[in-house]
Amino acid sequence: MCYAIPGKIQSIDGKTVQVSYFGELRKAYNELHEIAVGDYVYAQGGFIITKVSPGEAEATLSIWKEEFFELQKVDLRISKVNVERSGIDKRLVTILDKASMGQGLGRDDYRYLLGLNDAAALDYLFKTANFLRQKNHGNSCCVHAIIEISNYCKKQCSYCGISALNAGLKRYRMSPEEIIDTAGQAVSDFGFKALVLQSGEDAGYDIRDLEYVIRTIKTKWPSLIFISFGEIGTANLERLYNAGARGLLMRFETSNPAIYRALHPGQGLDARIEHLKAAYKMGYLILTGGLIGLPGQTNEDIVGDILLAQELNAEMFSFGPFIPHFDTPLNANKPADEEMVLKALALSRIIDQKKAKILVTTALETLNPALRKKALASGGNSVMLNMTPLEYRSLYSIYPNRAHEKELIQTQINDTIALLRSLGRAPTDLSI
Ligand code: SAH
């Protein structure tokens, strides 16, 4: 299976190239040394990842050509907003009409949308978000692989099962060679083009080990690499960028400084935000967001969270439910409300219609497996599959009983592709 469609280089202007996909042109940033007009390439997240031989490209394209347009038709058909508006509150109709036309809304409109409870109103909201997803992003859906390389962590986040406070948890740290092998399998055996490497903070690696890992993966198996190691400092961010990382996954968790302080002893929200801003300036793609359902969090806070993700230039919004972990200070708290998470995803799509990819998190599936499909039909267009070796996966227990904790990657891929096909979605980050 392949999660990208090859494109043909149409023109080159310094580092910027125009790539043609079935005749439609897309801009991409090129960092490869030798590239010429007429070459076939794979691009991800706006970066050219690798050249492809004409034979391989044409074979892949001929499969895609038929399927892609077929899927597009299915998606277009099922993403129409067919709702009976007669019984629906006028204010909702006005707001969603404006949103559908791409007109700006106010903070009180956003709050109002998060406050909806009525089933017909929610259906209308989710369908509008799905319509906007289709209109602006076509039927594309990113499928990234995540490898959780270590569960060592020095931080004491009150909600997190791998926090340093959890003395009972068995800790693991994959060796550089294990990480490289797993990444190699992800790319060469399973066809992933984008990888997320994640760990607790201060996971016990020397920065030179991480540079070596990233450089080796990039050289042997060209791919878009995201790092998610927490606040490693701007000097290290720069070193890992130079080694080849191009994305940073780091949630700010909450935009409310008081909630942040209460849940992160000795840490401040500002430092985390500065980190994200510095990474963006260096050229990293930013994947960020927060937890829905934190104690004391209001709808106004969630609106603030979504607006903050947008302000931080998020390429991908990552908002997922808080799920209590039995070995944390928040063990007696309630998990997030399912509907609130879907509302937050739909609102994210309404707020950032054109740019953002919206992640459907594993945590949401853990709350309820049926929510993955619902979220993909409420504005979501991105998923991450878990490539962490099975012997370690359950130890990365940020929350308990994570979905797919015991599933082979091939099973996850098959199920995901089947689900995407049923919705008319193509497993690629390309929308044409
Ligand atoms: N050290 C990295 C990765 C942290 S773990 C970093 O700081 O970015 C990845 C994410 O898991 C966190 O950002 C947090 O939002 C999420 N998480 C932690 N505990 C959770 C819980 N109990 N429920 C749901 N998500 C949780």
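Just so you know, ligand 1 is whichever comes first in the structure, and atom 1 is the first atom listed for that ligand.
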Problem set entry | Nearest non-hydrogen protein atom, atom 21 (C) of ligand 1 | Ile323 O, 3.5 Å
Exercise. Who passes ring pair (Phe, Tyr, Trp, His ring centres under 6.0 Å) against Tyr172, sequence neighbours left out?
Worked result: Tyr392
Exercise. Can you find a side-chain donor-acceptor pair between Glu238 and Asn242 that sits under 3.5 Å?
Worked result: no
For this session: Could you check atom 16 (C) of ligand 1 against the protein and tell me its nearest heavy-atom contact, residue, atom and distance included?
Result: Arg251 NH1, 3.7 Å
Exercise. What residue and heavy atom of the protein are closest to atom 11 (O) of ligand 1, and at what distance?
Worked result: Ile398 CD1, 3.5 Å
Exercise. Which of the numbered atoms in ligand 1 are below 4.0 angstrom from a heavy atom of Leu291?
Worked result: 15 (O), 24 (C), 25 (N), 26 (C)
For this session: Assess the side chains of Ser255 and Asp305: does a donor N or O sit below 3.5 Å from an acceptor N or O?
Result: yes
For this session: Give a yes-or-no answer on whether the side chains of Arg402 and Thr362 include a donor-acceptor pair shorter than 3.5 Å.
Result: no
Exercise. Hey, does Arg402 sit under 4.0 Å from ligand 1 if you only count heavy atoms?
Worked result: no
Exercise. Taking C-beta and beyond as the side chain, do Ile207 and Leu240 meet within less than 4.5 Å on heavy atoms?
Worked result: yes
Problem set entry | Residues Asp202, Lys155: salt bridge by 4.0 Å N-O rule | no
For this session: Distance to 0.1 Å, residue and atom name: give those for the protein heavy atom nearest to atom 3 (C) of ligand 1.
Result: Ser199 O, 3.5 Å
Exercise. With a 4.0 Å heavy-atom cut-off (strictly under), which part of Cys160 contacts ligand 1: side chain, backbone, both or neither?
Worked result: both
Exercise. Can Ala363 be said to touch ligand 1, with heavy atoms closer than 4.0 Å?
Worked result: no
Problem set entry | Taking atom 7 (O) of ligand 1 as the reference point, the nearest protein heavy atom with its distance | Arg272 NH2, 3.0 Å
Exercise. So which heavy atom in the protein is nearest atom 24 (C) of ligand 1, and how far is it from that ligand atom?
Worked result: Pro321 O, 3.1 Å
Problem set entry | Any Val383 side-chain heavy atom under 4.5 Å of Arg372 side chain | yes
For this session: If the plane angle is over 60° it's perpendicular, under 30° parallel, otherwise tilted; pick one for Phe68 and Trp64.
Result: perpendicular
For this session: Please list, chain by chain and in numerical order, all residues satisfying side-chain contact (heavy atoms from CB on, under 4.5 Å) with Ser79, sequence neighbours excluded.
Result: Asp75, Asn130, Arg133, Gln134
Exercise. Atom 13 (O) of ligand 1: which protein heavy atom is closest, and how many Å away?
Worked result: Glu253 OE2, 2.6 Å
Problem set entry | Option whose closest heavy atom lies nearest to atom 9 (C) of ligand 1, chosen from Gln198, Glu148, Lys154 | Gln198
Seminar exercise, completed: Per side-chain contact (heavy atoms from CB on, under 4.5 Å), Leu345 is matched among Ile292, Leu359, Leu364 by Leu364
For this session: Would you mind telling me if ligand 1 is within reach of the side chain of Thr328, the backbone, both or neither, using heavy atoms under 4.0 Å?
Result: neither
Problem set entry | Cys153, portion touching ligand 1 at heavy-atom distance under 4.0 Å | neither
Seminar exercise, completed: Nearest non-hydrogen protein atom to atom 5 (S) of ligand 1, with distance, is Tyr396 OH, 3.6 Å
Exercise. Where on Glu231 is there a heavy atom closer than 4.0 Å to ligand 1, on the side chain, on the backbone, on both, or on neither?
Worked result: neither
